[in-house]
There are 2 protein chains.
Amino acid sequence: MIDSAEPQSSLRRALGLLRLVGAAEASGIRLKDLAEQAGCSQPTAHRALQDLAAEGFVEQVGKRYRLALDFFVLAARAGHADGLRDLAKPVLLRLSATLTDTIFLLVRNGYEAVCLDRIEGPFPIRSFTGDIGGKVPLGLGQGSLAILAHLPEPEREAVIRFNVPRLLDRGFLDEAALRVELEKARAQGWVNLNTGLIPGMAGLGVPVFDAQGRAVAALSVGTLADRLRPERLPGVVAILKAEAASLGAMLNPFDTALRHPSRSLSAVA
Amino acid sequence: MIDSAEPQSSLRRALGLLRLVGAAEASGIRLKDLAEQAGCSQPTAHRALQDLAAEGFVEQVGKRYRLALDFFVLAARAGHADGLRDLAKPVLLRLSATLTDTIFLLVRNGYEAVCLDRIEGPFPIRSFTGDIGGKVPLGLGQGSLAILAHLPEPEREAVIRFNVPRLLDRGFLDEAALRVELEKARAQGWVNLNTGLIPGMAGLGVPVFDAQGRAVAALSVGTLADRLRPERLPGVVAILKAEAASLGAMLNPFDTALRHPSRSLSAVA
DNA sequence: CAACAAATTTCATATAACGGAATTATTGAT
DNA sequence: ATCAATAATTCCGTTATATGAAATTTGTTG
């Protein structure tokens, strides 16, 4: 699949290759296929990969390229995104200890929600975002929906327009159903969809507002549906909302608005 | 600080810039300083940063550049390298539930051990590797030592030669003491050093062998020294070893040998 | 508001990135 | 084992684009 908007600089090209390498799973990807998918010649891809490898971003195992562990390390050593993860760590730990369920921290990034951190509960949870670093379109999943619901109107509409087709692709809500859920979410201030990934599992998400009152993140829990029945649910909601508020209060005034809309799109395509 | 080995390609230069951006804390770094540290002109740095930003790897907040979420998202995939992290997840969850202590998954990467995953226990643990993505020289810390001890002889010797100075630098074991520990580790098949980072804390590590019988990873627990006293310790060892065996059995035959030794070295310097 | 410093743009030049073609290595089939 | 066939890598003449000096704009500070 060749992108229509060809990057003109060698750097853009190389970063595109890096992305493709990342998209290939653990088994890695061959030079030939990389070149083809990136729409560049094989020698070009080869040279770029050599440089990428020399800098420790990719590694070559056999004839396949994959992301190098050093890359992972590099990101880990780097100052975390905006410190949100560090700020949120105690919050997540508290929630995890209190609720003994799996806790997620999502942040908004353009048209997506990204799982910034997650603390595992006693049972394995499969969420739409998957593990740390996973992405979902805004609107899919409880935390993601919570963020979307509390975005300022025009932005929300822009995201909806953009995401509805993608949500449909993933067999999720159509626009009407989505709007109903958003309305409900906005009214009650939290999201509790039963539309889990696995029957019997359920989740609950609340938005986190920054100093400007923007919904920049969400906290959510994923657990057995049994554990979110009417007698326990209100308590969990209260606890989550309290922690979300305390996290919001710690946020420094930084803009986390739409940033790379075009890229976000193609990254999902 | 200007590197002596100037990368000749624009890509290498740009990746160097990316690295520098990563090295800067969350507050970001100014173009001027980037250009200076990278040893290139300001316009050059500027153009590279524009491209990096367009691809979503860095973001510009005010006049400072810092790593953007897309970078972290991509890097998170690097951890899945050979799928070990996914394979190990249930193992870690089980261990965490059974032992209610902090559990670590370390993998070997050249002369280092990297913390691939970690599940938090009830008390905060400070480990040598720190959080997920952290690195330590092989030989420092229980899990790291467990890996080193079970490496094939020639490789082990190479690593020891390489790492001893670094271990000394960090005020750890000298070569003689290290060899004693390695011998003990190899004899009993697990590591239980009291040389914790914090008095009163202790840890225990066991190696994970791949299909070829190579020590590619380690599982370890970090907890209060009290919780590893003679009456509980053997049980914990047994559980850890059992899980390490089951994890090892799941490993697909992939070579995780020395890969970027030079890079590993400079990354630590 | 002036004076400065940093960011960004412009531009002519040189470089190093490009792809086609040739070469070498690897893989698969007989 | 030998021989295709396919992919990786190297060569090389051409050209695109990356480059730094200098100019321009922006915004910061006294």
Side-chain angles (χ1 to χ4, degrees), chain A residues 1-21 23-25 27-55 57-68 253-255 259-260, chain B residues 2-3 5-21 23-25 27-55 57-68 252-255 257 259-260:
Chain A
M1 193 183 297
I2 293 148
D3 248 337
S4 51
E6 291 295 335
Q8 64 285 46
S9 85
S10 64
L11 178 52
R12 297 287 296 272
R13 250 187 300 272
L15 294 176
L17 285 170
L18 186 56
R19 227 178 255 287
L20 286 173
V21 173
E25 274 312 295
S27 49
I29 179 171
R30 291 180 319 159
L31 182 60
K32 167 91 181 316
D33 302 327
L34 265 176
E36 174 165 350
Q37 291 178 38
C40 69
S41 76
Q42 220 168 92
T44 297
H46 182 252
R47 276 185 305 257
L49 269 298
Q50 294 303 318
D51 284 346
L52 253 2
E55 290 289 339
F57 284 79
V58 307
E59 64 182 357
Q60 194 175 0
V61 36
K63 0 213 54 180
R64 304 186 98 89
Y65 293 90
R66 63 181 187 191
L67 295 180
F254 258 149
D255 178 24
R259 208 101 68 178
H260 311 294
Chain B
I2 295 147
D3 248 338
E6 291 295 335
Q8 62 288 37
S9 86
S10 65
L11 178 51
R12 296 287 297 271
R13 243 188 303 273
L15 294 176
L17 283 170
L18 188 55
R19 219 178 260 286
L20 286 172
V21 173
E25 277 311 296
S27 52
I29 179 172
R30 291 180 319 159
L31 182 61
K32 166 88 182 316
D33 302 327
L34 267 175
E36 174 164 349
Q37 290 177 39
C40 67
S41 78
Q42 221 169 93
T44 297
H46 181 253
R47 275 184 307 257
L49 270 295
Q50 293 303 318
D51 285 345
L52 255 1
E55 291 287 340
F57 282 76
V58 308
E59 64 184 354
Q60 194 175 2
V61 35
K63 1 212 54 180
R64 305 188 100 93
Y65 294 90
R66 63 179 184 192
L67 294 180
N252 53 358
F254 254 149
D255 177 22
R259 210 99 67 175
H260 309 293

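Sequence lines set the chain letters: A, B, ... in the order given, protein chains first and strands last, and positions in each chain run from 1.
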Spacing of [atom1] belonging to [X] relative to [atom2] belonging to [Y], to within rounding of 0.5 Å:
X     : Y     : atom1 : atom2 : answer
A/L18 : B/F57 : CG    : CZ    : 5.0 Å
A/S27 : A/R66 : OG    : CZ    : 9.0 Å
B/Q50 : B/L31 : CD    : CG    : 9.0 Å
B/R47 : B/L52 : CZ    : CG    : 13.5 Å
B/I29 : B/E36 : CD1   : CD    : 9.5 Å

Inset, instruction - Indicate yes or no for a side-chain donor-acceptor contact from B/R13 to the backbone of B/A48 under 3.5 Å, with no hydrogens or angles considered. - result: no
Report the distance from atom [atom1] of [X] to atom [atom2] of [N], rounded to the nearest whole Å.
X     : N      : atom1 : atom2 : answer
B/Q50 : C/dT9  : CD    : C1'   : 11 Å
B/L52 : D/dA18 : CG    : P     : 13 Å
B/R30 : D/dT28 : CZ    : C1'   : 11 Å
B/Q60 : D/dG27 : CD    : C1'   : 14 Å
B/L31 : D/dT25 : CG    : C1'   : 15 Å
B/K32 : C/dC4  : NZ    : P     : 16 Å
A/D33 : D/dT6  : CG    : P     : 14 Å
B/Q37 : C/dA6  : CD    : P     : 14 Å

Legend entry - Partner set under side-chain contact (heavy atoms from CB on, under 4.5 Å) for B/R64, not counting sequence neighbours: B/R30
Inset, instruction - Kindly give the heavy-atom pair with the smallest separation between B/L17 and B/A38, and that separation in Å. - result: CD2-CB, 3.5 Å
Inset, instruction - Heavy atoms under 4.0 Å is the rule here; annotate nucleotides 16-28 of chain C 5' to 3' with B where the base is hit, S where only the sugar-phosphate is, and - elsewhere. - result: SSBBBB----S--
Inset, instruction - Measure the angle between the two terminal helix axes of the helix from C/dC1-D/dG30 to C/dT30-D/dA1, five base pairs each, and quote it to 10°. - result: 60°
Inset, instruction - Kindly write out the residues that satisfy side chain to side chain donor-acceptor pair (under 3.5 Å) with A/Q42, not counting sequence neighbours, or none if the list is empty. - result: none
Inset, instruction - Verify the contact: side-chain N or O of A/H46 to OP1 or OP2 of D/dA8, cut-off strictly under 4.0 Å; return yes or no. - result: no
